[in-house]
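Values below: every heavy atom of this structure, side chains too, minus hydrogens, waters and symmetry copies.
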Protein chains: 2
Amino acid sequence: MLAAAGPVFARRGFDRATVREICGLAGVNVAAVAYYFGDKLGLYREVFRQIRQRCQNDVLDTSVIAGDPRLALYLQVRHLLSRVLARDDSGWESQLMMREMNQPTAVFDEMVQESIRPQFERLIETLSLLSPPATPLPVLERLVLSLVGQCLYYRIGAGVVKRLIPADRMASDFDIDSLSKHITAVTLAAAENGLVLEHHASLGRLADALTQAHSSDLKP
Amino acid sequence: MLAAAGPVFARRGFDRATVREICGLAGVNVAAVAYYFGDKLGLYREVFRQIRQRCQNDVLDTSVIAGDPRLALYLQVRHLLSRVLARDDSGWESQLMMREMNQPTAVFDEMVQESIRPQFERLIETLSLLSPPATPLPVLERLVLSLVGQCLYYRIGAGVVKRLIPADRMASDFDIDSLSKHITAVTLAAAENGLVLEHHASLGRLADALTQAHSSDLKP
DNA sequence: GAACGTTTTAAACGCTTGTTTAATTTCCGA
DNA sequence: TCGGAAATTAAACAAGCGTTTAAAACGTTC
């Protein structure tokens with residue numbers, strides 16, 4: 001029954017998903033949700049509790065590759081991306097996560113603290129090894145958020161991407177392999193060169209030009 | 001009345017938004033929606049038509065800064081970010097756009113063709129000037145999608161970011177100014193150094209290592 | 001001021017939703 | 001075999017939704 005509820009919640013969202021559809025798919029009576037989970041929200045919370053348990057068994061073991069931070073970064077990107085772009089039976093999990101993101105319920109706080117924050121701090125650690133010494137923490141944080149944003153956009157903006165990129169090139173140039181290599185390369189290029197504008201050689205004049213650009217060009 | 005419908009649709013979504021709330025907020029009777037727009041969906045479509053008209057007047061004039069592609073990139077990033085992170089009365093527009101993204105209705109296709117695709121191709125053009133000559137088109141496309149993903153994540157993942165970053169540093173290090181500089185710097189570092197893994201000097205060994213890493217580390 | 005098309009109003013309709021109820025079936029140990 | 005707790009069922013309930021209706025109010029024109 002939980003197996004039937006997950007995909008429906010992911011596809012329809014909490015409100016649009018009806019207990020009748022879930023129970024019809026599971027082959028049980030509609031009263032079962034009240035009998036076993038109290039109400040619809042209880043079923044929803046139970047689905048998330050199950051997801052969280054499954055995520056804890058799915059953590060990437062980065063200790064064995066601690067020697068090469070670049071490889072560690074690549075594997076973390078690929079791990080995140082392959083879960084985001086999963087097309088098989090586990091694809092509804094990430095979709096359900098996305099729904100919680102821009103419509104946070106009470107379930108969301110536990111999700112962030114137990115699953116997202118550890119992954120976030122592990123990425124901070126990896127990138128601190130790849131950045132110049134004494135890189136400020138905000139720079140590393142922004143870099144991690146850039147990385148996560150790039151990965152998640154292929155789920156959130158899937159509708160946009162599908163309409164912008166032809167289907168044939170979609171399969172060849174935007175598969176998990178190409179994308180994880182691309183995002184790793186972008187992040188590496190940014191981290192290893194240092195991101196503070198003033199430190200970036202080719203951006204010296206830009207830092208000066210942008211200050212006067214705000215007032216003149218933004219409000220014509 | 002359209003002014004009242006926009007924020008409600010953005011905050012609640014199409015299904016959760018009730019015509020009673022919209023009309024109550026606008027101070028009109030619930031029958032007005034049927035009288036003027038046919039039904040609820042007609043009102044929804046009219047809201048989007050108004051957004052599209054407003055967007056066409058809001059295009060960034062890049063012709064005046066065609067001489068400096070780096071500055072053009074920065075302005076385009078800032079333009080997108082400031083619309084995404086808008087907190088004032090126009091904040092509901094981007095939120096409504098995000099809802100259409102992962103729940104596409106019939107309105108979405110017009111939105112992509114009329115607003116998103118031109119902006120996408122303008123970014124492709126700008127980045128082609130900043131990348132090494134003869135950079136393949138898929139590389140440029142992935143780079144643009146990376147850029148857009150980074151920007152949009154601060155709206156979609158706003159709930160995550162708020163829970164991961166302390167509020168005080170949120171205001172100082174993650175404002176529009178800092179973020180647009182950061183994302184511009186990331187994209188520039190990636191574009192100017194070239195992104196094909198084999199061309200990136202420091203990634204030579206990584207390209208070899210990752211092929212054997214898939215089979216051994218991903219499924220332990 | 002009367003007549004007429006337009007707009008606004010309050011009330012009700014039909015439908016779907018989550019939830020509950022009471023009756024029925026199933027299961028298992030004494 | 002039997003009896004009672006547990007589980008399942010069909011039916012009904014109350015509430016909220018979008019939509020419709022018919023009457024009232026409005027404004028314009030002659």
### Task
Please evaluate the base of D:dG18 for a donor-acceptor partner in the side chain of B:Arg20 within a cut-off of under 3.5 Å?
yes
#### Entry: Pair A:Arg155, A:Ser94: side-chain N/O donor-acceptor within cut-off below 3.5 Å
yes
### Query
What is the distance from CG of A:Asp39 to P of C:dT21, rounded to the nearest Å?
14 Å
### Query
A:Glu21 has an atom CD; how far is it from atom P of C:dT16, in whole Å?
14 Å
### Task
Give one of base, sugar-phosphate or nothing for A:Ala31, where a contact means two heavy atoms less than 4.0 Å apart.
base
### Query
Atom OH of B:Tyr36 to atom C1' of D:dT19: distance rounded to whole Å?
17 Å
#### Entry: Of the listed nucleotides C:dT7, D:dT8, D:dG18, the one nearest the side chain of B:Tyr35
C:dT7
### Query
What is the distance from CD1 of A:Ile22 to C1' of C:dT19, rounded to the nearest Å?
14 Å
#### Entry: Closest to side chain of B:Lys40, choosing from D:dA10, D:dT20, D:dG18
D:dG18
### Task
Please report, rounded to the nearest Å, how far the P atom of D:dG18 is from the CZ atom of B:Phe37.
15 Å
### Task
Identify whether the distance between the nearest side-chain nitrogen and carboxylate oxygen of B:Arg11 and B:Glu21 falls below 4.0 Å.
yes
### Query
Once you round it to whole Å, what is the distance between P of D:dA24 and CG of B:Asn29?
16 Å
### Message
Are A:Tyr153 and B:Tyr153 an aromatic pair, judged by ring center distance below 6.0 Å?
### Response
no
### Task
Can you tell me the distance, in whole Å, between the CG atom of A:Asp15 and the P atom of D:dG18?
13 Å
### Query
A:Ala34 side chain: which of D:dC17, C:dT20, D:dT19 is closest?
C:dT20
### Summary
Separation of D:dG16 atom C1' from B:Arg12 atom CZ, nearest Å, is 14 Å
### Task
Using only heavy-atom distances, determine whether the side chains of A:Gln150 and B:Arg142 contain a donor-acceptor pair under 3.5 Å.
no
